[in-house]
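Every heavy atom of this structure was used, including side-chain atoms; hydrogens, water molecules and symmetry mates were not.
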Amino acid sequence: MKPTSLRQQLTRAAMLTTLLAILLSAGALLTYELMVYRRVGIADMRTQADLIARSTAPALASSDAQAAWENLYLLRQQPQIRAAAVYGRDGALIASHTTTAKNELRARIPLTSEAWGPRFSGSSLEMVRPIEHNGARIGMLYLKAEHGVWQRFVDFALIVLAVSAVSLVAAYYLFVVLQRRITAPLEKMTSVARDVIGSHNWSLRAPATDYKDLDVLVDAFNRMLSECEIRTTELEREMVTRQGVERELRQADRQKDTFLRSPSPTNCATPSRP
């Protein structure tokens, strides 16, 4: 594995943490938006169904198909409503409104049928509810609408993605600026250590910082350099002393050798005749 610097490791860790937080937040927002939009769509369809059922009930009770059709025709102002139909007491289709083919409508819905929905079916939202007049069921209402949940989900996802990308870039540049303030003392210590190794100048010191934790580290590093400087100075003095003693010993040895090689006065005296 290729070695990396502390700055790269910190940047990678910060970016991964930020990315994870953004993804979790985006997922939560998308899920919430989807649930809220579905809930709002269901509530809106129920409200429209109640209004149509109440306005159509008198026309259905008097068997006025034209009035029922006019009530449904007002739905043209609601483009999301794709189909609507009113069924009479016999379950036969009385009035309808559709923006697509009429074969999407059921031919018959008996009064005994159970009400259901709203429920999602693909990209559509459908429901069947009874039409009542004076407490008696006199017909059935069918509604089908285009909910557009997935298109809204895609649009919202694109917005969240764009905001997340901008946030990630902003977080990167902000962290780079803050990271330099954190790693600068460590980089200065590294530079001092390299200079000491290269020049053997133990008098160099790392500058103090404004951070308490890093200041403890810098102070310990400088103390170590001071100890090394003292020990090195002592060793140099000891070496100088030893070298002086060695020179004196060598000088003494040379003087001894010279003395031993020189002729003695006693040996050089001429012997007397008898």
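Looking only at side-chain heavy atoms (C-beta outward), Phe153 and Glu33 stay at 4.5 Å or farther from each other. Proximity of Arg46 to Arg129: side-chain heavy atoms (C-beta onward) are nowhere separated by under 4.5 Å. Inter-residue side-chain proximity for Ser113 and Val128 is flagged as unmet; no heavy-atom pair is nearer than 4.5 Å. With a 4.5 Å cut-off on side-chain heavy atoms, Val176 and Tyr172 count as touching.
In terms of modelled atom types and a separation under 3.5 Å, the side chain of Arg12 and the main chain of Gln9 share no donor-acceptor contact. Listed for the Ser96 side chain is no donor-acceptor partner under 3.5 Å among the backbone atoms of Val86. Distance alone, capped at 3.5 Å, is enough to place a donor-acceptor pair between the Ser55 side chain and the Ile52 backbone. In this structure a side-chain-to-backbone donor-acceptor pair under 3.5 Å is present from Thr17 to Ala13.
Arg54 has no carboxylate O lying under 4.0 Å from a charged side-chain N of Asp50, or vice versa, which leaves the two without a salt bridge. Residues Arg242 and Glu238 are paired through a salt bridge, judged by an N-O separation under 4.0 Å between the basic side chain and the carboxylate.
How far CE of Met45 is from NZ of Lys144: 10.0 Å, rounded to the nearest 0.5 Å. Going from atom CG of Leu204 over to atom CD of Glu229 covers 9.0 Å, rounded to the nearest 0.5 Å. One finds the NE2 atom of His200 at 10.0 Å from the OG1 atom of Thr232 (value rounded to the nearest 0.5 Å). Rounding to the nearest 0.5 Å gives a distance of 8.5 Å between CD1 of Ile22 and CE of Met15. Note: Leu178 CG to Tyr173 OH = 15.0 Å, rounded to the nearest 0.5 Å. Arg205 contributes atom CZ, which lies 11.0 Å from atom CG of Asp219 (distance to the nearest 0.5 angstrom).
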Cut-off 3.5 Å, no hydrogens considered: what does the side-chain donor-acceptor table look like for residues 243-251, sequence neighbours left out?
{"residue": "Gln251", "atom": "OE1", "partner": "Arg254", "partner atom": "NH2", "Å": "2.6"}

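Neither Leu24 nor Leu19 shares a network with the other; the hydrophobic side chains, linked directly or stepwise wherever heavy atoms of I, L, V, M, F, W or Y lie under 4.5 Å apart, form separate groups for each. Hydrophobic clustering (side-chain heavy atoms under 4.5 Å, transitive across Ile, Leu, Val, Met, Phe, Trp, Tyr) keeps Trp69 apart from Ile138. In the hydrophobic clustering of this structure, Val160 does not group with Val36; members are Ile, Leu, Val, Met, Phe, Trp, Tyr whose side-chain heavy atoms approach within less than 4.5 Å, directly or through other members. Hydrophobic clustering (ILVMFWY, side-chain heavy atoms < 4.5 Å, transitive): Met189 and Met224 are in one cluster.
In terms of heavy-atom proximity, Leu29 sits nearest to Phe156 at O-CE2, 3.8 Å. Scanning all heavy atoms of the two residues, the minimum distance from Ala115 to Pro130 falls at CB-CD, 3.6 Å. Scanning both residues, Leu225 and Val196, for their nearest heavy atoms gives CD2-CG2, 4.3 Å. Residues Ile94 and Gly88 come closest through the heavy atom pair CD1-CA, 3.3 Å. Here the closest non-hydrogen pair linking Thr11 and Gln179 is OG1-OE1, 2.8 Å. When all heavy atoms are compared, the tightest approach of Ala145 to Ile81 is CB-CD1, 3.8 Å.
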Please determine whether side chain to side chain contact (heavy atoms under 4.5 Å, CB included) holds for the pair Ser164 and Leu168, giving the CA-CA distance in whole Å, both sets of side-chain angles, and the decisive distance to 0.1 Å.
CA-CA 6 Å; Ser164 300; Leu168 192 62; over 6 Å; no

Candidate pair Leu10 and Phe175, rule side chain to side chain contact (heavy atoms under 4.5 Å, CB included), full reasoning:
CA-CA 9 Å; Leu10 289 176; Phe175 182 77; 4.0 Å; yes

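In this view, Phe120 and His147 satisfy the ring pair (Phe, Tyr, Trp, His ring centres under 6.0 Å) rule, not counting sequence neighbours.
Counting heavy-atom neighbours within 6.0 Å of Arg231 CZ, excluding the residue itself, gives a total of 12 or less. By the 6.0 Å contact criterion, CZ on Arg237 is open, its count of non-hydrogen atoms from other residues, nucleotides or ligands being 12 or less.
Here the rule is side chain to side chain donor-acceptor pair (under 3.5 Å) with Glu146, and of Gln151, Arg82, Gln80 only Arg82 fits it.
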